[in-house]
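The block underneath contains the structure these notes are about, expressed in structure tokens.
All values reported here derive from a predicted model rather than from experimental measurement. Below, chains carry the letters A, B, ... as their sequence lines are ordered, and counting in each starts from 1.
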There are 2 protein chains.
Amino acid sequence: MARPTIADIARRVGVSKGAVSFALNGRPGVSEATRARILQVADEMNWRPHSAARALGGARAGAVGLVLARPASTLGVEPFFAQLLSGLQARLSAESMAMNLLVVEDSAAEIETYREWTSAHRVDGFVLVDPTVRDPRFEALEALGAPAVVLGGPGRFGALSSVWADDREAMLSVVDYLAALGHRRVAHVAGLPGLRHTQRRIRALRDSVRRLGLVDTVSLPTDFSDAEGAAATRTLLSRPGRPTAIVYDSDVMALAGLGVAGEMGVRVPGEVSIVSFDDSVLTRVTHPGITSLSRDTIALGGQVAEVLLQVIADPALRRDVKTATPRLVVRESTAPPAPGTAG
Amino acid sequence: MARPTIADIARRVGVSKGAVSFALNGRPGVSEATRARILQVADEMNWRPHSAARALGGARAGAVGLVLARPASTLGVEPFFAQLLSGLQARLSAESMAMNLLVVEDSAAEIETYREWTSAHRVDGFVLVDPTVRDPRFEALEALGAPAVVLGGPGRFGALSSVWADDREAMLSVVDYLAALGHRRVAHVAGLPGLRHTQRRIRALRDSVRRLGLVDTVSLPTDFSDAEGAAATRTLLSRPGRPTAIVYDSDVMALAGLGVAGEMGVRVPGEVSIVSFDDSVLTRVTHPGITSLSRDTIALGGQVAEVLLQVIADPALRRDVKTATPRLVVRESTAPPAPGTAG
DNA sequence: TAATGGAGAACCCACTGCGCC
DNA sequence: TGGCGCAGTGGGTTCTCCATT
């Protein structure tokens, strides 16, 4: 009753293991009669391929890897992440591709995992998230020759493909809108300072200062947690010349900021306008609803999976896909600044 | 420059492959001097174990499996799922255990995956979610002898372990509270009718009818989507003797129901009270905030992982862990029924 | 003599290349 | 030339057995 192997089938049919292998894989080298017989016996014996044995021979693993050097809580807290995962799965499951998920301590452990999984043929490719400014992972993955897609850009990731949205343009659209409303004191509660897209957003804001006549613009880096988002908001709202508008790099932080404003008695949007860089159900159901940059994160996950599948199919390929720039969805958290506070 | 194998190490050190294997696995059979020398050379050569080769020999895979016969969108839409995943990862990553995630069509495909992954030693155990009333998966997994933990209960899952919360008691606490407020017409927007916990909640409500003097109680099954949650709410609120309180089996549906009430001009909680069976950030930030059954889903995920790790370590073990019953957190969506509507 | 260190081969399972009829 | 057998490959584990001390 043990798992049958191709040797068992070969014995039963009275052919060699090689013939069985050819037959089961639909390859030429056996007569149709023999093939039919082999397939029938394999079915009778309830044979299943042994992925480890195939992997040892260098075959495809039928899985992609996602290794996260983030706290595991990220998965539960950030709607962005869950949606991304959902989009990835939707596309991958159509190809019966599994996903190997692992949370590690740091990028050194991440690279180590890439090394092990690649050489053991445990996965066929990787999805990389959170690219940083000088990211050691690109070089490591290139050296391994593993197919991979970076979520983020634009930028040079060596031979790796990428899928990205234009963070700069998105930030400019937010700042332009706030300036048009009359805001001059715009603050930014940013994400992890090492991340490329954080840098890009910070730079876009800074570059707008002269063009739009902004004053006292500031970008406070955080770790994306609601705690630091709240702390940054408290800092900003306690200042003498406090901002009349705050842009948050994630919906969770915007939500936290909204809470702090309430607790400090600062009216939204009367005294301070709030914009979130991520849209989700969260920003829709708050009161007031939060003006947000909206994009289809599930579709984004699907695109990442699609590109990864292409790169796995043809490792020489290098794709660089720019997705639609998130567009501003105005809700009730933004309004012209109160008279006299515009700086 | 290719991946070094234990044969390479054996050659360099001048010992046999067997000796190298023993040394690298910290097992007796080699002298301390030889062991040290082997470890040093292995390190110099940058050796890594090959998980596929080990799996072929029947070793531990270092991963657990989670196979979902649900639409992939579940992952992005239900905070419960993302939090569960987060809790699982937190515990698993502490043991450097990866998770193999796969979304499949139906439970037949799910079972097929269990079969393949088990016999190929691709995972060491499984997490089962969404147990149904006559669930074919238990039997299949038992036959495979694969360690597994069922999320849900109480109930008989054969030799499988389980982790569960008391859905009956939780539902009773909700209904008791609503009845105490004066509600008599209580409706229930349930989840998938085949799920065990759905049945248990439906039964708990039905069993309360006589005790609390309820009238016209009804449980409408849905697929957990916001669309069906909204549709069910529309149906309920359009009835002649419409309910004065509605209990939703998930936060997403409660949110959808709140939206429908707003669109139909039915005041919450003035004309209808709303309770969610799941708590998350969603229920906290709506306006009004939604009275919910609250539990620590991330901790739940951690408990599931913990039990699975125990069962993997000792396959003879069978654990049945009852977690804390979700407790009611009252927010602004519940109030006594308006006079004259109480049935 | 019994314990210890270690060589060597078999084994896990599928795939592939060579060679024979 | 098509069909197929045979032997070897991939990397690690484990069992048998021999040679030391």
Side-chain angles (χ1 to χ4, degrees), chain A residues 1-39 41-43 45-62 115-124, chain B residues 1-39 41-43 45-62 115-124:
Chain A
M1 206 50 194
R3 154 191 265 276
T5 72
I6 56 167
D8 299 324
I9 300 173
R11 211 172 304 123
R12 273 271 287 270
V13 178
V15 294
S16 69
K17 289 198 305 174
V20 175
S21 179
F22 284 134
L24 290 172
N25 291 293
R27 296 177 35 176
V30 284
S31 67
E32 278 314 309
T34 310
R35 181 190 306 277
R37 179 95 186 96
I38 291 171
L39 289 178
V41 171
D43 188 50
M45 298 182 77
N46 218 17
W47 178 85
R48 297 281 182 295
H50 193 302
S51 61
R54 282 184 165 165
L56 197 54
R60 288 263 291 272
R115 194 160 284 147
E116 289 177 12
W117 287 9
T118 303
S119 59
H121 295 283
R122 196 160 150 165
V123 297
D124 299 315
Chain B
M1 207 47 195
R3 156 190 264 276
T5 72
I6 57 166
D8 298 325
I9 299 173
R11 211 172 303 123
R12 273 269 290 269
V13 178
V15 295
S16 69
K17 287 201 307 173
V20 175
S21 178
F22 285 134
L24 290 172
N25 291 294
R27 296 178 36 176
V30 285
S31 67
E32 278 315 307
T34 310
R35 182 190 306 276
R37 177 97 187 93
I38 289 171
L39 289 178
V41 171
D43 188 51
M45 298 181 78
N46 216 17
W47 178 86
R48 297 281 182 296
H50 193 300
S51 61
R54 281 186 165 164
L56 197 53
R60 289 266 290 274
R115 193 160 283 147
E116 289 177 13
W117 287 9
T118 303
S119 60
H121 295 282
R122 197 160 149 166
V123 297
D124 300 315

Rounded to whole angstroms, how far apart are CD1 on A:Ile6 and C1' on D:dT9?
13 Å
B:Ser16 side chain N/O closer than 4.0 Å to the phosphate oxygens (OP1, OP2) of C:dA7?
yes
Verify the contact: side-chain N or O of A:Trp47 to OP1 or OP2 of C:dC13, cut-off strictly under 4.0 Å; return yes or no.
no
Between atom CD1 in A:Ile38 and atom P in D:dC4, what is the gap in whole Å?
8 Å
Side chain to side chain, A:Ile9 and A:Thr5, heavy atoms closer than 4.5 Å:
no
Hey, does the side chain of A:Arg54 come within less than 4.0 Å of C:dC13's phosphate (OP1/OP2), counting only N and O?
no
To the nearest Å, how far apart are A:His50 NE2 and C:dA14 C1'?
10 Å
Nearest-angstrom distance from the residue atom NE2 of A:His121 to C1' of D:dG12
15 Å
As a check of understanding: the bend across the helix from C:dA2-D:dT21 to C:dC21-D:dG2, end axes from five pairs, rounded to 10 degrees, works out to 60°
Closest nucleotide of DNA chain C for B:Ala53 versus for B:Phe22: which of these residues is on the 5' side?
B:Phe22
Taking atom CZ of B:Arg37 and atom CD of B:Glu32, what is their separation to the nearest 0.5 Å?
15.5 Å
Phosphate OP1/OP2 of D:dG3 contacted by A:Thr34 side-chain N/O (<4.0 Å)
no
Between D:dG3, D:dT14, C:dC13, which nucleotide has the shortest distance from any of its atoms to the side chain of B:Leu56?
C:dC13
Indicate, with a heavy-atom threshold strictly under 4.0 Å, whether B:Ser21 touches base, sugar-phosphate, or nothing.
base
Answer with base, sugar-phosphate or nothing: what part of the nucleic acid does A:Arg48 contact at a heavy-atom distance below 4.0 Å?
sugar-phosphate
Whole Å only: how far is the NZ atom of A:Lys17 from the P atom of C:dC11?
12 Å
N or O in side chain of B:Arg3 less than 4.0 angstrom from D:dG12 OP1/OP2:
yes
Between B:Asp8 and B:Trp47, is any pair of side-chain heavy atoms under 4.5 Å apart?
no
Roughly how many Å is it from CZ in A:Arg60 to P in D:dG10, rounded to a whole number?
22 Å
Mind calculating the distance between CD1 (B:Ile9) and C1' (C:dA7) to the nearest angstrom?
17 Å
Which atoms form the tightest heavy-atom contact between A:Arg3 and A:Arg48, and what is the distance?
NH1-O, 2.9 Å
Would you mind reading off the distance between B:Leu24 atom CG and D:dG12 atom C1', rounded to a whole angstrom?
10 Å
A:Thr5 vs C:dC12: side-chain N/O to OP1/OP2 distance below 4.0 Å
no
Under 4.0 Å, heavy atoms only, any strand: does B:Gly18 hit a base, just the sugar-phosphate, or nothing?
base
Are any of A:Asn25's side-chain N or O atoms less than 4.0 Å away from OP1 or OP2 of C:dA14?
no
Select base, sugar-phosphate, or nothing to describe what A:Arg27 touches, counting heavy atoms under 4.0 Å on all strands.
sugar-phosphate
